[in-house]
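A short write-up of the structure that comes next.
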Amino acid sequence: VSAPHELVGRARELRDYLRERQAETEQRGGYSGETHALLLEAGFFRMLIPRRHGGLDVDLPTYAGVIGELARGCPASAWCVALLAAGALRARVLFDAEAQSVLFAEPDFRATSAVAGVVRARPDGGGFIFAGSLEGAVGARHATHLLGETGLDGGDDRLLFAAPRNRFEVADNEEHDVLRGGWDRVRFDGTRISAPLVRRLTATGETPADPWQEGVQAAALAAVFAGAASAAAEIYEQLTRSGSVRGSTSSPRRLDPDYQRWLGAAIGRASAASLLLAEAVAPGAGVPLDAGGGILASPTATLELAMLARESMKLAWSAVADVLRTAAAPDSGAQAALERIGRALMSGFGDPALPAEESVARRFARRRLGLPL
Amino acid sequence: MSEPTPDALIARAIALRPTLIERAADTERRTYYGEDTHGEFLAAGFYRMLVPRRYGGLEVDLTTFLRVVVELAAADVSTAWCLCLASAHALHLGTLWGERAQAELFGDGDFRCPAVAAPAGLAQRTSDGWEISGTWAYCSGAPYGTHYMGQTFEAPAERGGPPGQILLFVVPRSEWTMLDDWGDSLGLRGSGSHSIRMERALVPAHHVLESQWLVDTNVATAPGLRIHGNPLYAGRTLSVFQSELGALAIGGVKGALDEYETIMRARKTQRPPIVERYLDPDYQRWFGAAIARVAAAEALLYGVSRRWAEHVHQFARDGREFTRADDLALNVVVREALALVWTTLQEDLFRTAGTRAARNGERMERIFRDVSMDWGHIGNVTRDWAWRELARERLGLIEGPALKPDRPHAAVGS
């Protein structure tokens, strides 16, 4: 069993490897099979699997720490790991013990989910037949499962389902998304899934809170942003050390008062982003941990987390935006690396699965005002 | 009487809020809080928070101190400012001065000490110390101060020559008078930030630190850790001073959130549908955005003070130096917290609270004036300087030792 700091250390060791492959990962729309093998070996996909099923059951700071370190190498790869690893957390909350035994029989259980598209389900004996296609299934090509929710033909009931990888096709994604680096399309072709991997939600019954949507996603994205901002500040520091002021060949950037100021601000905002996230996920910060030390959600704590994570993301983004505005990197490799970071964060901000800042803010206000969320 | 716990101190600050809000207008008129408030602060132990235990102090951690300041500022920024700046500088006396000076100056722990970083006046060397004269402006905490901690220069060696080294001194109240010159600024009118005048004050040599600039001190060789055995007295100051400004502004805007909620419940929207503002989606959004930013700023502030504590503990335990780059890295994070609360006060809260809230004597109006003074304080004007200094540290451009306030980056311990 890996100690938390070992996991973060392993992520740190992979940073340069991921950075060197960042361009090809972006081009491919996802990291390679070789990279996947290294991530598997490091144990990252076991982070949120319960101990009784052989997982590591780490706490939220460790999870965010790993994602942040990976993001310093490659934001897209980090996001992919973040989402696939968090599948275990969702499975623990959304499915019963019997289903979990089946799902976690796969020791490196890693589940994607989709943000768009339609799959319909119709009852068939004890199970259901699924048909349709989904978009934006991050890292589906490397996943063991897909967790989804869908309407049920002929009624208002809904179904939660955990589809094993052999029940759906993953199509090539020609129009991939930059950050998610694996904006995969998934197709269900009349495949059958049965209990315990489907859970029927009646229209009048209670819908279980998905911990991913309720805050862990925001924390993971903030970890990606903070890591990416640190990487941008690092590149900017190198450029400031070696470059000359724009429009000059002889005036060194490192002695220029503007570049000094921009560098200090970039470092300051990147570290503020990391520090804020670390405080938001710290034990005692209001995010309850279950007996095993892992993450389980409660609506108020996760709302708080979502809010602080969003502020952290904004700090990271302001660091990166100023770096992009002023870098004018003479070295095309550095410029390309900064632009990749910029593209990744832009698509992260627009993640359709992430609730809009305004709606989260309003929920915060309504909670304080004693109004229904 | 048993010592109050950190939680009890914070709870006491929160409990005092309604009273302090009620007295805020009087505090402004008087230019500092009244004897009643002073008595309550004495009884609560607030002035002793950073005084060493051996002199009867509480030696609370930096985070507790800042939390108390935040909670008081949530009631009245002026009051909290006066309290904070009178009680914070015990930390520096406990850190930087020798044992004999500390025993004499702390006495039985009744120590309230304004301090100003800008040097003024001049000091002449005497046979056993210094004779210091001058006037120091903006000595917040002066009204109930028992001491003053200040900076001056050694008089020029020859007439008309450049001043000599910078000196950092502490003198008891018997050596200074407070001028009646505070209360006409935009905000912080009740912060007790009067000038202090000294005329040929005789100061023993061991009460004066030579070539020392309080704002940016190297504490690696300071005696505080040895004397008190507590890493609290082994810390650098750049992030501490910034955190005080941060706590005061964050507290102020926390108070603005309370006031905004009151306004939302009492007033209606101005365009259809006409409803109570607290039911309106825009007011909810503005309020929620402000809640988020204040929560983020508070998390940043306490995150910094906890990391400051990690640095001093590491230094005490393993001798790992708490470097100037470390201190600056924390300092610039607090500045982000300050920017968050100022931005949300002017963009989200004050802008949308309505004209009624901006009238003289309104709580929102006072908070806006007070926090704007914090944002315009020299400690916040120097944000660009701090960014640059951090960059210069990273780029290896800082070379020491040399010390002058115009080259504060080269500050070293004496």
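Protein chains get the first letters and strands the later ones, always in sequence-line order, with residue 1 at the start of each.
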Could you tell me which portion of A:Leu369 (side chain, backbone, both or neither) has an atom closer than 4.5 angstrom to a non-hydrogen atom of chain B?
both
Tell me, for B:Arg265 versus chain A, whether the close heavy atoms (under 4.5 Å) come from the side chain, the backbone, both or neither.
side chain
Does the side chain of B:Glu389 reach to within under 4.5 Å of the side chain of A:Gln260, using non-hydrogen atoms?
no
Test item: B:Leu300 and A:Leu275 side chains (from C-beta on) under 4.5 Å apart, heavy atoms:
yes
What is the distance from atom CZ of B:Arg388 to atom OH of A:Tyr259, rounded to the nearest 0.5 Å?
14.0 Å
Straight-line distance of B:Trp387 CH2 to A:Trp262 CH2, nearest 0.5 Å
12.0 Å
Taking every heavy atom of A:Ala361 against every heavy atom of B:Ala289, the minimum-distance pair comes out as CB-N, 3.6 Å
For A:Ser271 against B:Ala329, the heavy-atom pair lying closest together
OG-O, 4.4 Å
If every non-hydrogen atom of A:Ala278 is compared with every non-hydrogen atom of B:Arg307, which pair is closest and at what distance?
CB-NH2, 3.7 Å
Leading residue by heavy atom contact count with chain B [cutoff under 4.5 Å; candidates A:Arg366, A:Arg261, A:Glu311]:
A:Arg261
Is it the case that the side chain of A:Arg362 and the backbone of B:Pro281 share a donor-acceptor pair, with hydrogens and angles ignored and the cut-off at 3.5 Å?
yes
Selection from B:Asp282, B:Val332, B:Val333 maximising heavy-atom pairs under 4.5 Å formed with chain A
B:Val333
Salt bridge flag under 4.0 Å for residues A:Arg368 and B:Asp258
yes
Side chain, backbone, both or neither: which part of A:Leu276 has an atom under 4.5 Å from a heavy atom of chain B?
both
Do the non-hydrogen side-chain atoms of A:Leu263 and B:Leu395 ever get within less than 4.5 Å of each other?
yes
Apply the test salt bridge (Lys or Arg N to Asp or Glu O under 4.0 Å) to residues A:Lys314 and B:Glu336: give CA-CA distance (whole Å), side-chain angles for both, the deciding distance (0.1 Å), then the verdict.
CA-CA 11 Å; A:Lys314 289 195 293 190; B:Glu336 295 304 322; over 6 Å; no
Checking B:Leu340 against chain A: side chain, backbone, both or neither under 4.5 Å from a heavy atom?
side chain
If you apply the rule side-chain contact (heavy atoms from CB on, under 4.5 Å), what do you find for B:Ile291 with A:Met307, and how did you get there?
CA-CA 9 Å; B:Ile291 292 170; A:Met307 195 54 115; 5.9 Å; no
Counting only heavy atoms not in B:Arg317 (residues, nucleotides, ligands), do more than 12 fall under 6.0 Å from its CZ?
yes
Measuring heavy-atom distances to chain A, does B:Val334 have an atom under 4.5 Å in its side chain, in its backbone, in both, or in neither?
neither
Residue B:Leu397 versus chain A: region with a heavy atom under 4.5 Å
side chain
Do side-chain atoms of B:Arg394 reach the backbone of A:Glu237 as a donor and acceptor pair under 3.5 angstrom?
no
Heavy-atom distances under 4.5 Å only: say whether A:Arg254 touches chain B with side chain, backbone, both or neither.
both
Using a 6.0 Å cut-off, check whether atom CZ of B:Arg351 has over 12 heavy atoms from anything other than its own residue.
yes
When rounded to the nearest 0.5 Å, the distance separating CG of A:Leu308 from CD of B:Glu298 is 10.5 Å
Nearest heavy atoms of B:Gly288 and A:Ala365, plus distance in Å:
N-CB, 3.7 Å
Please evaluate residues B:Gln284 and A:Arg363 with respect to the criterion side-chain contact (heavy atoms from CB on, under 4.5 Å), reporting the C-alpha separation (whole Å), side-chain torsions for both, the decisive distance (0.1 Å), and the verdict.
CA-CA 8 Å; B:Gln284 286 180 1; A:Arg363 289 176 73 190; over 6 Å; no
